[in-house]
Amino acid sequence: MKHYNIAMDGPAGAGKSSLAKALAAKLGALYVDTGAIYRTVGLYVARQGGDCGKAEEVLPKLPDIHITLDHGPDGLQRMYLNGEDVTTAIRENAVSRYASQVSAIPEVRAFLLDMQRKLAAEHNVVMDGRDIGTVVLPEAEVKVFLTASVEQRALRRWKELCAKGESPDLATIQEEIAQRDYDDSHRAAAPLRQAEDAVLLDTSALNLEESLEALHAIVKERIGP
Ligand code: DC
């Protein structure tokens, strides 16, 4: 089969990463989680005591940030920040906010663009993010915009955190998600929006298996079985 790229965009908690990972495994493609890359930048800036919301504090630090990633046999994407494995550290709740803040800075987006495009040029990828279909891979063979109601997304995240042994507050999570949706879709630089040629998939009423089936059907229609 010829080279292909699949772009999956959508708001936080819509199930992008679980679905993109499962789809990539099914197709034998490489799963690329671009949110993890923004998280790594946010983590570095915060660790250095910088305010992730201030471009003047973030930009001077960019040259010191060397990000690499690799994929284990299980398809898990491991992230390295200047050689340190930060795969777990970037999942902390505070880092979500740092990532959202640094991602609003155009120079940060430009800094990460080549890295994302190179991965897509070298591999068949299922790439998940916010601007993959609109900015990073406008020529992607398949574009899916994955969404779900804010209530469903908050509930899913809440369950995930509970499963990790945390005791999160559902209302707070819902507020955080709604705030992040607003910030990600109202920023000037590459805001979250559905590409004109993207297929909309709303997973509010679907479980993971049903969502994967629907996603796979969309993909098959475009690139074959
Ligand atoms: O998918 P995630 O929650 O790990 O992403 C973290 C933040 O990074 C999110 O608030 C928006 C930003 N992001 C982005 O702006 N562009 C991407 N392609 C991926 C993530």
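The analysis underlying the following values was restricted to heavy atoms, covering all of them including side chains, and did not include hydrogens, waters or symmetry mates. Nothing fancy with the numbering, it's 1 onward along the sequence. Remember, it's 1-based here, ligands and their atoms both numbered in the order they're listed. Just so you know, these numbers come straight off a predicted model, no measurement behind them.
In terms of polar-atom proximity, K16 is not counted as a contact of ligand 1, lacking any N or O under 3.5 Å from an N or O of the ligand. Ligand 1 has a nitrogen or oxygen under 3.5 angstrom from a nitrogen or oxygen of D131. Ligand 1 has a nitrogen or oxygen under 3.5 angstrom from a nitrogen or oxygen of R130. The shortest N or O to N or O distance between S96 and ligand 1 is not under 3.5 Å.
For the atom pair CG (D85) and CG (D70), the distance works out to 8.0 Å, reported to the nearest 0.5 Å. Taking CD of Q77 as the reference point, atom NZ of K21 lies at 9.0 Å (rounded to 0.5 Å).
No part of A12 comes within 4.0 Å of ligand 1, judged by heavy-atom distances. Contacts between R187 and ligand 1 below 4.0 angstrom, taking non-hydrogen atoms only, involve the side chain exclusively.
Counting only heavy atoms of the protein, atom 20 (C) of ligand 1 lies nearest to G35 CA, 3.6 Å. With respect to atom 8 (O) of ligand 1, the closest heavy atom belonging to the protein is Y38 CB, 3.7 Å. At the top of the distance list for atom 4 (O) of ligand 1, counting protein heavy atoms only, stands R39 NE, 2.6 Å. In this structure, the protein non-hydrogen atom closest to atom 7 (C) of ligand 1 is A99 CB, 3.7 Å. The nearest protein atom to atom 19 (C) of ligand 1, hydrogens excluded, is given as T34 OG1, 3.3 Å; this is a heavy-atom distance.
At a threshold of 4.0 Å, the pair R47-E84 counts as salt-bridged, since one of the basic side-chain nitrogens sits closer than that to a carboxylate oxygen. At a threshold of 4.0 Å, the pair D131-R193 does not count as salt-bridged, since none of the basic side-chain nitrogens sits closer than that to a carboxylate oxygen. Using a cutoff of 4.0 Å between basic side-chain nitrogens and carboxylate oxygens, D33 and R91 are scored as salt-bridged. Electrostatic pairing of K143 and D9 does not count as a salt bridge here, judged by no charged N lying under 4.0 Å from a carboxylate O.
Per-residue contacts place G129 under 4.0 angstrom from the following atoms of ligand 1 (heavy atoms of the residue considered): 17 (C), 18 (N), 19 (C). Ligand-side atoms of ligand 1 in range of R109: 14 (C), 15 (O), 16 (N), 17 (C), range being under 4.0 angstrom from any heavy atom. The D184 neighbourhood of ligand 1 comprises atoms 9 (C), 10 (O), 11 (C), with distances under 4.0 Å to a heavy atom of that residue. Taking a cut-off of under 4.0 Å to the non-hydrogen atoms of R180, the atoms of ligand 1 that pass are 3 (O), 6 (C), 7 (C), 9 (C), 10 (O).
Counting heavy-atom neighbours within 6.0 Å of E166 CD, excluding the residue itself, gives a total above 12. Summarising the local packing, OH of Y98 is surrounded by 12 or fewer heavy atoms from other residues, nucleotides or ligands at distances under 6.0 Å.
Remark: side-chain polar atoms of N5 are paired, donor with acceptor, to backbone N or O of A120 under 3.5 angstrom. R39 places a side-chain N or O within donor-acceptor distance of the main-chain N or O of I90, the cut-off being under 3.5 Å.
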